[in-house]
Visitor: 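Input: one structure, supplied below.
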2 protein chains.
Amino acid sequence: MNVDGRLARGQRTRTAVLDAAVGLASASGLDGLSLGHLAESLGVSKSGLFAHWRSKEELQLATIDRAVAQWQELIIAPALRTSRGVRRIHALHEARIEFYAGRVLPGGCFFATTEFEFNARPGAVRDRLAEVFAAWTAFLERLVTEAVELGELPPTTDVALLAYEIDAYGIAAAMRSRLLDPEVTYRHARLGVLNLLRALCPDPALLPEGPA
Amino acid sequence: MNVDGRLARGQRTRTAVLDAAVGLASASGLDGLSLGHLAESLGVSKSGLFAHWRSKEELQLATIDRAVAQWQELIIAPALRTSRGVRRIHALHEARIEFYAGRVLPGGCFFATTEFEFNARPGAVRDRLAEVFAAWTAFLERLVTEAVELGELPPTTDVALLAYEIDAYGIAAAMRSRLLDPEVTYRHARLGVLNLLRALCPDPALLPEGPA
DNA sequence: GAAATATATCCGACCGGTCGTTCTTATTTA
DNA sequence: TAAATAAGAACGACCGGTCGGATATATTTC
């Protein structure tokens, strides 16, 4: 970084490349995205990419990190600004559905696409994706645990199961929205979690009224 | 077919190729599976495949049809042998989870893999996959409707929503089981639907007792 | 029934094209 | 000037696909 705070040229290039890679890979997958197409979409030569990353795999790993940062900023951070407990769980899910429905990444969910792509392809990329997924699950479970500790959910709540259920509605939305009616899909994904939380949460004031 | 009922040589080859293709594509995807690898795994020459299908896309479409037939036989048919209503819905979900957990196809769920793979790849294959998915959704909704008509589910049931929720637990299981603990994942997928049905179904005798 | 013919099936060799990657060279930046 | 950054050309490997010919199977002919 320069003295005046501006990013060096190389750093700017790297960020631009990774942002484009996240967007394109959300549609085509990380392996499905060819370096030639990525370079062309940026008006950059393919070999120039190798000045910043030693191999395609290194660029893929960097792309995952960039996608995690975006996820953190667009999904996690807004949820953490709401009050702890059931409200925060609901806000997290809503932010996720908004993310899909708003087509922030034109290709859909980066993680859903790549995690299916690398499901049966062992290697560093798959390991990294598994780490990210495990961290996401742990985060979800932590939010549920907090809601239980606050008394907003019954103490008998199966934390891991509820986290699974909430995540399932999101995953299914990411998949179904591209093949079936997106509006209907997103409505179901939102209604499903709302019903789930309403059935468990004794205090109806913690959740929005109406059909969602 | 011959007069004695045995399949002709070509027909046997075609079936063997498609069976292998379904298995391999469940792991690597339909486009990710190269014709060279497919041919090699069968001890057959690559060019020989083109004697049966005019292009890779034609073989992909035939592979989808074969996967549909397997799904019909292994998931749909067993469920249809149980009595109509909530029991049948539950049996369908259980068969699906068993299918994943039993690793019938070593690569996971053929449809989950390929539908994500072709999510952003328009063409005949994607169209066919969307058709299959729509048919699957319609089938799920029909089962739910039947349960409502039988009085086993409340008449106020949101049929499409409940079908979405049941499918979501299956989709999530297909995805998470490969990156997180499979046993835990399948247990959650089964428990989730069981809880869902128990909460709606006034007659507890229609569902198995115990924690799943 | 045997020979001859037609057809279905399959293979090895090869093509053009795309992939990730490397090497050499030029240009910018500090 | 030295280092960082970029481009261009070219590579070997692999891809889907084609082609002529070999082999097995079915059908016809005698």
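Keep in mind that the numbers below use all heavy atoms, side chains included, and drop hydrogens, waters and symmetry copies. Protein chains get the first letters and strands the later ones, always in sequence-line order, with residue 1 at the start of each.
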Visitor: Grab the CZ-C1' distance between A:Phe50 and C:dT21 for me, whole Å please.
Guide: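 In whole Å, C:dT21 C1' and A:Phe50 CZ are 5 Å from each other.
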Visitor: If we ignore hydrogens and angles and just use 3.5 Å, is the side chain of B:Tyr100 paired with the main-chain N or O of B:Met175 as donor and acceptor?
Guide: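 Checked: no pair found.
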Visitor: Tell me whether B:Arg142 is salt-bridged to B:Glu146, with the criterion being a basic N under 4.0 Å from an acidic carboxylate O.
Guide: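 Yes, B:Arg142 and B:Glu146 are salt-bridged.
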Visitor: Tell me, with the steps shown, if A:Ile171 and A:Arg96 meet side chain to side chain contact (heavy atoms under 4.5 Å, CB included).
Guide: CA-CA 10 Å; A:Ile171 291 174; A:Arg96 186 183 188 183; 3.8 Å; yes
Visitor: Could you check whether B:Leu59 gets within reach of a base, just the sugar-phosphate, or nothing at all, counting any heavy atom under 4.0 Å?
Guide: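 The residue B:Leu59 makes no contact with any strand.
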Visitor: For every nucleotide of nucleotides 5-18 of chain C, 5' to 3': is a protein heavy atom under 4.0 Å from its base (B), only from its sugar-phosphate (S), or from neither (-)?
Guide: ----SBBB------
Visitor: To the nearest angstrom, how far is B:Lys56 atom NZ from D:dT18 atom C1'?
Guide: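 About 17 Å, once rounded to whole Å.
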Visitor: Rounded to the Å, how far apart are A:Leu42 CG and D:dA6 P?
Guide: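 Those two atoms, CG and P, are 11 Å apart.
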Visitor: For the residue pair A:Phe99 and A:Trp71, is the inter-centroid distance of their aromatic rings smaller than 6.0 Å?
Guide: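 When the ring centroids of A:Phe99 and A:Trp71 are compared, they turn out to be within the sub-6.0 Å range.
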Visitor: For A:Glu40 and D:dA7, what is the distance between atoms CD and C1' respectively, to the nearest whole Å?
Guide: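 Distance check: A:Glu40 CD to D:dA7 C1' gives 15 Å.
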Visitor: Is it true that A:Arg187 and A:Asp181 make a salt bridge, defined as a side-chain N closer than 4.0 Å to a carboxylate O?
Guide: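 So A:Arg187 does not pair with A:Asp181 through a salt bridge.
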Visitor: Rounding to an integer number of Å, can you tell me how far B:Leu35 CG sits from D:dT18 C1'?
Guide: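 Answer to the nearest Å: 13 Å.
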Visitor: Step through it carefully: locate the ring centre of A:Phe111, locate the ring centre of A:Phe116, and say whether they are under 6.0 Å apart.
Guide: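 They do not qualify: ring centres at least 6.0 Å apart.
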